[in-house]
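A short worksheet on the structure shown next.
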There are 2 protein chains.
Amino acid sequence: MAKFSTDLDRTFSALADPTRRAIVSRLCDGPRSVSELAEPFEIALPSLLKHVRVLEQSGLVRSEKIGRVRTCTIEPRALQATEAWLHQHISGWQKRLDRMEAHIERMMRKK
Amino acid sequence: MAKFSTDLDRTFSALADPTRRAIVSRLCDGPRSVSELAEPFEIALPSLLKHVRVLEQSGLVRSEKIGRVRTCTIEPRALQATEAWLHQHISGWQKRLDRMEAHIERMMRKK
DNA sequence: TGAAAACTTAGCCATGTGGGAAAGTATTGG
DNA sequence: CCAATACTTTCCCACATGGCTAAGTTTTCA
């Protein structure tokens with residue numbers, strides 16, 4: 001119960017932190033440099049950089065260094081894969097609910 | 001940047017663990033007792049119970065004890081709220097992509 | 001009543017995580 | 001060429017997390 005689902009592990013735990021979700025939100029508006037990302041937070045640069053690394057390892061964000069500035073962009077595929085997992089489970093649950101309703105209806109008709 | 005998003009924090013970090021995602025998956029098929037949930041894992045009961053508690057605190061799962069067995073059920077609303085966050089961000093990113101495409105097209109026409 | 005079943009609590013341990021300060025490296029503008 | 005900029009590396013710390021065992025507690029069933 002582990003190895004094969006490592007991607008989801010990383011994505012969900014990357015999104016579990018509010019600072020990282022805020023970073024993702026900002027990157028949805030367009031690419032940002034590391035210091036631009038740091039600016040709205042009361043956080044030291046090394047700490048923010050760590051968050052960026054976590055987001056990169058989860059595949060949610062990519063970054064490239066040109067000259068002395070590193071620019072980060074969002075990578076929507078990981079976001080979509082995560083949504084897919086949730087969607088699948090919600091619809092699975094929905095199906096079960098439908099079956100239950102059908103079952104109850106059958107009981108009602110019998111009686 | 002914190003207090004208001006605590007629900008999402010808890011939901012995402014609950015789903016970051018593969019054991020807990022597996023529990024959620026099984027509960028999508030219907031309610032289960034704690035020991036039924038524990039059965040497929042090589043994990044001691046107290047450890048599994050901890051996972052259940054985490055899932056409860058995130059709002060993903062509810063449980064009720066009747067007699068000596070505690071039965072767990074899934075609570076789809078937290079799942080849906082989480083999907084909503086993802087969906088919102090994906091579509092936000094999509095809009096930005098559209099704007100970029102429109103921009104590039106304008107540039108092409110000019111030239 | 002008394003043993004088995006089904007949790008539940010308590011406490012321990014190793015590792016991981018989020019935060020920081022300090023010092024280092026590489027680019028750039030004057 | 002030198003100072004400022006923009007990271008980056010290297011530690012360090014406190015606390016949270018996931019796992020365990022051992023010892024309860026509460027119900028149920030014979």
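Throughout, a chain's letter reflects where its sequence line sits, starting with A, and its residues are numbered from 1.
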Please name the residue in the list A:V54, A:L55, A:I23 that meets the side chain to side chain contact (heavy atoms under 4.5 Å, CB included) test with A:L60. A:L55
Taking the side chain of A:P46 as heavy atoms from C-beta outward, which of C:dG19, C:dC7, D:dT8 is closest to it? D:dT8
Would you indicate which nucleotide in C:dT8, D:dC7, D:dT9 comes nearest to any side-chain atom of A:K65? D:dC7
Sub-4.5 Å side-chain heavy-atom contact between [X] and [Y]:
X     : Y     : value
B:V69 : B:V34 : no
A:C72 : A:R32 : no
A:T73 : A:L27 : no

Between [X] and [N], is there a side-chain N or O to OP1/OP2 distance below 4.0 Å?
X     : N      : answer
A:S33 : D:dC7  : yes
B:S35 : C:dA5  : no
A:H51 : C:dG19 : yes
B:S47 : D:dC20 : yes

What is the distance, to the nearest angstrom, from the [atom1] atom on [X] to the [atom2] atom on [N]?
X     : N      : atom1 : atom2 : answer
B:D9  : D:dA16 : CG    : P     : 14 Å
A:R70 : C:dT27 : CZ    : C1'   : 14 Å
B:I43 : C:dC7  : CD1   : P     : 15 Å
B:R32 : C:dC7  : CZ    : C1'   : 18 Å
B:L49 : C:dA10 : CG    : P     : 13 Å
A:K50 : C:dG20 : NZ    : C1'   : 9 Å
B:L45 : D:dG24 : CG    : C1'   : 14 Å
B:L48 : C:dA6  : CG    : P     : 15 Å

Position toward the 5' end of DNA chain C (nearest nucleotide), A:D17 or A:G67: A:D17
Identify whether any heavy atom of A:E36 sits under 4.0 Å from a base atom; if not, whether one sits that close to sugar-phosphate; answer base, sugar-phosphate or nothing. nothing
Under 4.0 Å, counting only non-hydrogen atoms across every strand here, what does A:A44 touch: a base, just sugar-phosphate, or nothing? sugar-phosphate
Side chains of A:R70 and A:S63: any donor to acceptor distance under 3.5 Å? yes
Would you mind telling me which residue lines up with the more 5' stretch of DNA chain D, A:R68 or B:R20, judged by nearest nucleotide? A:R68
